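Let me begin by presenting the structure, written as structure tokens, before commenting on it.
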Protein chains: 2
Amino acid sequence: MELHQQRRMTRQRRVILEELAKVTSHPSADEVYAMVRRRIPRISMGTVYRNLDVLWESGTIQKLVSGGSQMRFDANAAVHYHVRCVRCGRVDDVAMDPPARIEERAANVTKYKILGHSLEFAGVCPACKKREATGQGTD
Amino acid sequence: MELHQQRRMTRQRRVILEELAKVTSHPSADEVYAMVRRRIPRISMGTVYRNLDVLWESGTIQKLVSGGSQMRFDANAAVHYHVRCVRCGRVDDVAMDPPARIEERAANVTKYKILGHSLEFAGVCPACKKREATGQGTD
DNA sequence: TTTGATGCAAAATATTTGCAGGATA
DNA sequence: TATCCTGCAAATATTTTGCATCAAA
């Protein structure tokens with residue numbers, strides 16, 4: 001039960017948020033680091049991680065666990081779903097409403113207190129579909 | 001495009017699968033390692049990781065990306081949903097049917113070819129709920 | 001001023017891999 | 001017997017953290 005302390009809007013924190021808001025992709029921490037470093041060359045990876053965490057804790061950004069290796073971040077904090085390309089790893093938003101009473105249904109079949117949910121589709125993105133149709137086998 | 005080679009059922013691979021099938025929890029690689037080591041004390045972590053991967057590639061087990069830190073494994077390869085405790089990281093199954101036409105709905109709002117989906121609920125498990133109710137603040 | 005935040009580097013985690021010897025089909 | 005697999009250890013990859021200094025409020 002950690003108390004939230006007073007947070008300060010430092011240049012680093014602001015720029016990280018600004019850069020994240022610019023893109024519709026869902027960058028990993030090192031990609032955010034690369035973007036931010038163009039504006040603050042001496043920023044450290046530790047600062048990037050610390051700020052992504054602070055922004056996530058305050059509900060300003062989303063932290064996605066997609067694929068398996070790295071975390072990905074999303075400046076769109078509203079609940080929405082994602083689809084990940086099984087070929088290239090690309091992640092996009094899926095603009096659909098949550099299935100009716102889905103958390104209520106889950107609560108009925110577990111002893112957990114349900115707080116939220118995340119839904120990720122797996123699929124093949126347009127670019128990979130096209131590449132495959134053209135006969136350019138990948139993998 | 002990797003060709004699957006001929007696989008051998010070694011003692012290590014068999015015991016890993018047997019131990020995984022015994023539990024309904026969703027152990028992480030090091031938990032599997034601990035379980036298997038009771039039967040094969042000299043097994044190495046590398047062998048555990050390699051085998052979990054082989055079993056996953058062949059569709060024998062599921063690999064869950066929950067939380068963010070470690071992978072978790074599930075001997076039940078059938079599609080089903082999970083709930084993860086936000087306090088202790090425990091993962092359990094959620095016995096509910098997929099929302100009606102959910103992949104069809106997703107297909108309508110993206111350009112992806114949808115292949116599947118995974119749904120994970122976040123919540124507080126019975127043990128953590130109880131601990132909190134008893135006033136034993138955690139974290 | 002106070003004290004949260006930063007940069008740097010080292011540490012902690014989690015997972016992967018090279019290699020020589022061992023076991024399975 | 002062929003070659004897949006193992007144990008061990010070193011290497012990667014990712015994320016976290018201690019600390020002295022800096023800066024937001």
Side-chain angles (χ1 to χ4, degrees), chain A residues 2-20 26-58 60-74 89 91, chain B residues 2-20 26-58 60-73 84 88-89 91 139:
Chain A
E2 78 194 9
L3 304 198
H4 272 197
Q5 47 190 356
Q6 186 56 41
R7 311 243 92 126
R8 292 172 183 178
M9 183 49 70
T10 61
R11 186 157 102 88
Q12 288 83 345
R13 183 163 301 164
R14 184 168 37 73
V15 171
I16 286 171
L17 190 50
E18 285 172 2
E19 290 299 313
L20 197 50
H26 300 72
S28 54
D30 63 295
E31 288 168 338
V32 172
Y33 177 57
M35 300 188 300
V36 171
R37 215 152 45 138
R38 293 198 300 261
R39 293 174 58 186
I40 309 178
R42 300 188 60 83
I43 195 170
S44 76
M45 196 57 164
T47 297
V48 170
Y49 271 105
R50 274 181 296 228
N51 275 301
L52 287 171
D53 241 39
V54 165
L55 292 168
W56 170 66
E57 281 170 13
S58 68
T60 310
I61 67 174
Q62 270 192 77
K63 207 174 187 176
L64 328 177
V65 183
S66 78
S69 44
Q70 305 161 283
M71 290 300 211
R72 286 175 172 277
F73 300 88
D74 185 345
V91 176
Chain B
E2 78 194 9
L3 304 196
H4 271 196
Q5 48 189 355
Q6 185 55 43
R7 313 243 93 127
R8 292 173 182 176
M9 184 48 72
T10 60
R11 185 158 103 88
Q12 288 82 347
R13 185 162 302 163
R14 183 168 37 73
V15 171
I16 285 172
L17 189 49
E18 285 172 1
E19 291 298 314
L20 197 49
H26 299 74
S28 54
D30 63 294
E31 288 168 338
V32 172
Y33 176 58
M35 298 189 302
V36 172
R37 214 151 46 138
R38 293 198 299 260
R39 294 174 57 185
I40 309 178
R42 299 188 60 83
I43 195 171
S44 77
M45 196 57 163
T47 296
V48 171
Y49 271 106
R50 274 181 295 228
N51 275 301
L52 288 171
D53 241 37
V54 165
L55 292 168
W56 170 67
E57 280 171 14
S58 68
T60 310
I61 66 173
Q62 269 191 78
K63 205 176 190 176
L64 324 179
V65 183
S66 76
S69 44
Q70 304 161 282
M71 290 298 206
R72 286 174 172 278
F73 301 87
R84 176 171 48 83
C88 68
V91 175
D139 268 4

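Residue numbering restarts at 1 for every chain, and letters A, B, ... go by the order of the sequence lines. Keep in mind it's a predicted model, so treat the numbers as computed, not measured.
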Check your understanding: A:Arg42 side chain: which of D:dT6, C:dG7, C:dA14 is closest?
Key -> C:dG7

**Study point:** Residue B:Met9, side-chain heavy atoms: nucleotide from C:dA25, D:dT6, C:dT6 that is nearest
**Key:** C:dA25

Point to revise | Donor-acceptor under 3.5 Å (A:Arg13 side chain, A:Arg8 main chain) | key: yes

Exercise for review: Taking the side chain as every heavy atom from C-beta outward, state whether A:Lys63 and A:Leu52 have any pair of such atoms under 4.5 Å apart.
Suggested key: no

Exercise for review: Report which part of the nucleic acid A:Asp30 touches: base, sugar-phosphate, or nothing (heavy-atom distance under 4.0 Å, all strands).
Suggested key: nothing

Check your understanding: Does A:Thr10 have a side-chain nitrogen or oxygen under 4.0 Å from the phosphate oxygens OP1 or OP2 of D:dA23?
Key -> no

Point to revise | B:Arg11 vs B:Lys63, nearer the 5' end of DNA chain C by closest nucleotide | key: B:Lys63

Practice item. For the side chain of B:Arg50, starting at C-beta, report the closest nucleotide among C:dA5, C:dT15, C:dC19. Key: C:dC19

Review point. Think B:Gln12 has a side-chain N or O under 4.0 angstrom from the OP1 or OP2 of C:dA23?
Key: no

Review point. Taking C-beta and beyond as the side chain, do A:Glu18 and A:Arg39 meet within less than 4.5 Å on heavy atoms?
Key: yes

Review point. Taking OP1 and OP2 of D:dC5, is either one under 4.0 Å from a side-chain nitrogen or oxygen of B:Arg13?
Key: yes

Review point. Heavy atoms under 4.0 Å, any strand shown: does A:Arg8 hit a base, just sugar-phosphate, or nothing?
Key: base

Review point. Would you say a side-chain N or O of A:Tyr49 is under 4.0 Å from OP1 or OP2 of D:dT16?
Key: no

Point to revise | A:Leu52 CG to D:dT16 C1', straight-line distance once rounded to whole Å | key: 13 Å

Check your understanding: Out of C:dT15, C:dA5, C:dG7, which has the shortest distance to the side chain of A:Ile40?
Key -> C:dG7

Check your understanding: Start at the 5' end of DNA chain D and walk down; is the nucleotide closest to A:Gly46 or to B:Ser44 reached first?
Key -> B:Ser44

